[in-house]
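Starting from 1, each residue takes its place in the sequence as its number.
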Amino acid sequence: MTMQRNQGRQRGQGMTEYIIIVAMVALAAIAVYQYFGQTVRNQTAAMSQELAGEDGSAARTAAATAAGNAATAADTKNTLEDYVNQKAK
């Protein structure tokens, strides 16, 4: 009887660990998208304009600018205080 209880607990522990890992991956993906989301949108806009036969240089320039801003933001050292202050923005 106790053997079955322990197996059930181990399965629950494994599922909990899996959920924690999935949550951490999701948070990392959100952070990356926050930094590079505008760059990806601008690059996609440039590609779609070029495929439509239009000039996509303005969107490419905006993508380069957004990439530079994202790199600068990524290189900035943040503390917990910085994240608390962003909540009001």
Side-chain angles (χ1 to χ4, degrees):
M1 188 70 155
T2 59
M3 184 80 117
Q4 290 176 342
R5 264 192 216 162
N6 286 336
Q7 286 178 350
R9 287 181 183 169
Q10 287 177 353
R11 287 184 189 148
Q13 179 183 357
M15 182 59 77
T16 303
E17 292 170 355
Y18 176 74
I19 290 170
I20 290 170
I21 290 170
V22 168
M24 288 173 40
V25 168
L27 288 174
I30 290 169
V32 167
Y33 186 76
Q34 183 179 7
Y35 283 126
F36 297 108
Q38 189 64 39
T39 303
V40 172
R41 284 191 291 276
N42 287 331
Q43 287 176 342
T44 304
M47 288 186 288
S48 64
Q49 287 176 345
E50 292 287 338
L51 287 173
E54 299 173 8
D55 184 25
S57 61
R60 274 183 289 175
T61 303
T65 303
N69 293 341
T72 301
D75 289 339
T76 304
K77 183 178 180 181
N78 292 318
T79 63
L80 186 58
E81 185 69 26
D82 297 324
Y83 292 106
V84 170
N85 290 335
Q86 286 183 358
K87 185 177 181 182
K89 291 182 181 180

Sequence neighbours excluded, the answer for side-chain hydrogen bond (donor to acceptor under 3.5 Å, both in side chains) partners of S48 is none
Output all residues satisfying side-chain contact (heavy atoms from CB on, under 4.5 Å) with L27, sequence neighbours left out; order by chain, then residue number. none
Using the test side-chain contact (heavy atoms from CB on, under 4.5 Å), find all partners of A67 that sit at least two apart in sequence or belong to another chain. T39
When every non-hydrogen atom of A46 is compared with those of G56, the smallest separation belongs to CB-O, 3.7 Å
Selection residues 19-39 - residue pairs positive for salt bridge (charged side-chain N to carboxylate O under 4.0 Å, His left out), sequence neighbours left out: none
List for me each residue that meets side-chain hydrogen bond (donor to acceptor under 3.5 Å, both in side chains) alongside E54, sequence neighbours excluded, and say none if there are none. none
Hydrophobic clusters join Ile, Leu, Val, Met, Phe, Trp and Tyr when side-chain heavy atoms are under 4.5 Å apart, directly or via other members; which others share one with M24? I20
What pairs meet the side chain to side chain donor-acceptor pair (under 3.5 Å) rule with one or both residues in residues 59-73, with sequence neighbours excluded? E50-R60
Taking only residues two or more places apart in sequence or in another chain, which ones pass side-chain hydrogen bond (donor to acceptor under 3.5 Å, both in side chains) with D75? none
Summary of side chain to side chain donor-acceptor pair (under 3.5 Å) pairs that have at least one residue in residues 19-30, sequence neighbours excluded: none
Quick one: closest heavy-atom pair of N42 and A66, and the distance? ND2-CB, 4.0 Å
Y18 and side chain to side chain contact (heavy atoms under 4.5 Å, CB included): which partner among I21, V22, T16? V22
Co-members of I30 in a cluster of I, L, V, M, F, W and Y side chains, linked at under 4.5 Å: none
